[in-house]
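A quick note: this is a predicted structure, and the numbers were derived from the prediction, not measured. When reading the values below, keep in mind they use all heavy atoms of this one structure, side chains included, and skip hydrogens, waters and symmetry mates.
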Amino acid sequence: PKLRFHRTVPISRTAACPICLPSLVGWEKSRKKQAEDKTKNFMKLCRYLTFELRILPKTPKNPMLFVLTMFFSIVVLAGALIQAVPIMNLCRKVKQPHRTPISDDQCRPVAVVMSLRGGDPFLEECLNRIIQQDYPDYEIVIALDNENDPAVPYVDRLNDAQHSPRLTKKIITERSKNCTLVNSNYARVVEEIDDRFEFVVFVDADAVTWSGWLRALIQPLIENETIGASSGNRWYTPENGELGSLVRAFWNMGSVIQMAQFRFPWGGSLAIRTDIAKSDEMLQQWRTSFSADAPVFNVVKRAGKKFFFNPHMLLLNSESTNLKTFSNWIPRQMIQGKLYHPKWMPVLIQGIIMAFVFLGALATNFTNLFLGKWVSFCVLGGALTFAWGITCLFFIVMNHVITRRHSELTREVRADWLTVGNILRLPQVSLIALVVCVVALVKVLRIRRIEWRGIAYQIRKPFDIELEEYKPFRQPRADSQYSL
């Protein structure tokens, strides 16, 4: 038979090949059926994974709760990982080898100033360490506001034992009512310092140093003329396991990171060039402000110099405290940054975001628990557990790095205060520290009156301070390791 070839024509509603049309229609139906089968199989697999194996939660009846759960889970996990950057950066700086100490010929005259009020727990050890520095040319000036202050016997015993010409004790009775007693003492002493001293160093009574501390603190200022001031910070290593001491030590981890990141000076171990310390601006700020160290940053910056955070000046503090004392102490620390440091707003925003995320996550997860949303509860609970766990791990790592570096510098071996029992309490401690920090932030935003070592101060504006009434200090405890 004769073969017939049909020209391929498009299938349309108006025309079609009568021979090819049945086969094309059958092929089209077959293709659609295969696609529908694939879709059905895929949906069956999704339903199996979702509802049978419980890999994903069922579509919630309350979508807003589901969205909040997913949002807080992601933010908590991201925040826990992001905080690793400044922590690891600080640990890296602390672990860096210390520079070769400057020689005696490079050392320049230094005046060490202390303002004492009350007998701090480790005051005697602090004074003994400072007078035994290996620095060739330095003098110590200790200012007190009352001749019957509990700190006077410590100073007299040291003077009688050492008979050192380096030590000078001053009882300052002319007190300014427009600043704190510490600031009043600093302004008076610095104004009278001899011009031969090129640097002024301020030390707190809780700063337990080592023999090479003064040389290491001054070294950056001698080697770099662009640095106008340098300081370190404190690291708490409480010898007892009281809850307040552990909460303060955990809170201090975040404080150290923020102060290093935003260049907050710490007056417990602070070195300033004498020309800046004796400038009219610095003396005026001391005479009219609440903080002795926070205004230093702005004055140094306006003098055309830089502030340097020295990672090797992290001094260990073994004092103890209780939760009530710590809760009253935090606002006084925070308000100094609020009043005088330009980077206070980033710190405040960071604290608000952290509080919102963690407290919001906890509230959402308790709601999941109350409504029986077990999968959502486990997802957000797992994120919170991971965040708390890694934060506690960072605290353990930082404590190990800082205490080990301190032992290398001081050549002293201390017993590890972070025992297994204290480590197991860290989740509880971290939660309490977060709550106390949030409460302190709220207080700082509206606080107008601060009591500090028995004296109340009215704070109207950053440079409008009023000392209500002077009272000699009364020691609350004798021979105690609790902070005053």
Just checking, is any N or O donor in the side chain of Asn322 or Thr325 under 3.5 Å from an acceptor N or O on the other one? yes
Pair Arg302, Glu281 - check salt bridge (Lys or Arg N to Asp or Glu O under 4.0 Å), show working. CA-CA 10 Å; Arg302 283 193 284 267; Glu281 182 182 9; 2.5 Å; yes
Heavy-atom distance under 4.5 Å between the side chains of Thr288 and Ile465, does that happen here? no
So which of Met398, Lys95, Gln261 actually passes side-chain contact (heavy atoms from CB on, under 4.5 Å) with Leu90? Met398
Inspect the contact between Glu139 and Arg196 and indicate whether a charged nitrogen and a carboxylate oxygen are less than 4.0 angstrom apart. yes
Is a donor from one side chain sitting under 3.5 angstrom from an acceptor on the other, for Asp105 and Ser103? no
Using side-chain contact (heavy atoms from CB on, under 4.5 Å) as the criterion, point out the one residue from Leu380, Asn365, Leu384, Leu362 that pairs with Phe72. Leu380
What about the rings of Phe463 and Tyr340, do their centers lie closer together than 6.0 Å? yes
Any side-chain to backbone donor/acceptor pair from Arg166 onto Tyr138? Under 3.5 Å, distance only. yes
Expected output: side-chain Arg215 to main-chain Pro136 donor-acceptor under 3.5 Å: no
Checking Gln219 side chain against Thr100 main chain: does a donor-acceptor pair fall under 3.5 Å? yes
Determine whether the aromatic ring centres of Phe309 and Trp266 lie less than 6.0 Å apart. no
Kindly indicate, with the supporting measurements, whether the criterion side-chain contact (heavy atoms from CB on, under 4.5 Å) is fulfilled by Arg273 and Glu225. CA-CA 10 Å; Arg273 296 187 182 276; Glu225 293 292 333; 3.7 Å; yes
Is there a donor-acceptor contact under 3.5 Å from the side chain of Thr321 to the main chain of Ser245? no
Leu158 pairs by side-chain contact (heavy atoms from CB on, under 4.5 Å) with which of Ile131, Ile130, Ile140? Ile131
Is there side-chain contact between Ile423 and Ile396, with at least one heavy-atom pair below 4.5 Å? yes
Salt bridge or not for Lys169 and Glu147, using N-O below 4.0 Å? no
Determine whether Ser184 and Arg287 satisfy the following criterion, side-chain contact (heavy atoms from CB on, under 4.5 Å), listing intermediate values before the conclusion. CA-CA 6 Å; Ser184 181; Arg287 292 190 181 107; over 6 Å; no
Test your reading of the model: is there a side-chain donor-acceptor pair from Asn128 to the backbone of Glu124, 3.5 Å cut-off? yes
Ion pair present between Arg108 and Asp137, side-chain N to carboxylate O less than 4.0 angstrom? no
Do Arg453 and Asp120 sit within salt-bridge range, that is, some charged N less than 4.0 Å from a carboxylate O? yes
Between the side chains of Asn233 and Ser231, is a donor N or O closer than 3.5 angstrom to an acceptor N or O? no
Test ring pair (Phe, Tyr, Trp, His ring centres under 6.0 Å) applied to Phe250 - qualifying residues, sequence neighbours left out: Phe395
For a quick check under 3.5 Å, do Ser289 and Asn183 share a side-chain donor-acceptor pair by atom type? yes
Taking atom NZ of Lys278 as the centre, does the number of heavy atoms from other residues, nucleotides or ligands within less than 6.0 Å exceed 12? yes
Determine, step by step, whether Val300 and Lys306 satisfy the side-chain contact (heavy atoms from CB on, under 4.5 Å) criterion, reporting the C-alpha distance in whole Å, the side-chain angles of both residues, the deciding distance to 0.1 Å, and the verdict. CA-CA 6 Å; Val300 169; Lys306 297 186 298 185; 5.8 Å; no
Neighbour count >12 (heavy atoms, 6.0 Å) for atom OH, Tyr470: yes
For the backbone of Trp417 and the side chain of Asn422, can you confirm whether one donor and one acceptor N or O come within less than 3.5 Å of each other? yes
Cation-pi between Arg263 and Phe307: NZ/CZ under 6.0 Å from ring centre and within 45° of the ring axis? no
Give the C-alpha distance, both sets of side-chain angles, the deciding distance and a yes or no for side-chain hydrogen bond (donor to acceptor under 3.5 Å, both in side chains) between Ser176 and Trp286. CA-CA 10 Å; Ser176 172; Trp286 274 329; over 6 Å; no
Residues Glu192 and Lys170 bridged, charged N to O under 4.0 Å: yes
Scan the side chains in residues 74-81 for donor-acceptor partners under 3.5 Å anywhere in the protein, sequence neighbours excluded, and list what turns up.
none

Can Trp213 and Ser269 be said to form a side-chain contact (heavy atoms from CB on, under 4.5 Å), step by step? CA-CA 9 Å; Trp213 160 79; Ser269 182; 2.9 Å; yes
No-hydrogen, no-angle side-chain donor-acceptor test under 3.5 Å, Thr403 and Trp235: no
Flag the pair Ile142 / Leu144 as yes when at least one side-chain heavy-atom distance between them is below 4.5 Å, and no otherwise. yes
Any side-chain to backbone donor/acceptor pair from Arg332 onto Glu451? Under 3.5 Å, distance only. no
I'd like to know if Glu469 and Lys177 make a salt bridge, using a cut-off of under 4.0 Å between side-chain N and carboxylate O. no
Is a side-chain N or O of Asp149 found less than 3.5 angstrom from the main chain of Pro472, in a donor-acceptor match? no
Tell me, do His406 and Leu314 make a side-chain contact under 4.5 Å, heavy atoms counted? no
Between Ser320 and Asn240, do the side chains contain an N or O donor and an N or O acceptor separated by less than 3.5 Å? yes
Main-chain N/O of Asp206 paired to Asp204 side chain as donor or acceptor, under 3.5 Å: no
Examine distances only and state if a side-chain atom of Ser211 and a backbone atom of Gln133 form a donor-acceptor pair shorter than 3.5 Å. no
Regarding Arg188 and Glu174, does a basic nitrogen lie under 4.0 Å from an acidic carboxylate oxygen? yes
Other residues, nucleotides, ligands: >12 heavy atoms within 6.0 Å of Asp280 CG: no
Listed pairs under 3.5 Å, donor-acceptor, residues 441-449 side chains, sequence neighbours left out:
unit_1	atom_1	unit_2	atom_2	d
Arg449	NE	Glu468	OE2	3.0
Arg449	NH2	Glu468	OE1	3.2

Could you give me the CA-CA distance, side-chain angles and deciding distance for Trp251 and Trp329, then say whether ring-ring contact (aromatic ring centres under 6.0 Å, His included) is met? CA-CA 12 Å; Trp251 170 87; Trp329 175 80; 5.6 Å; yes
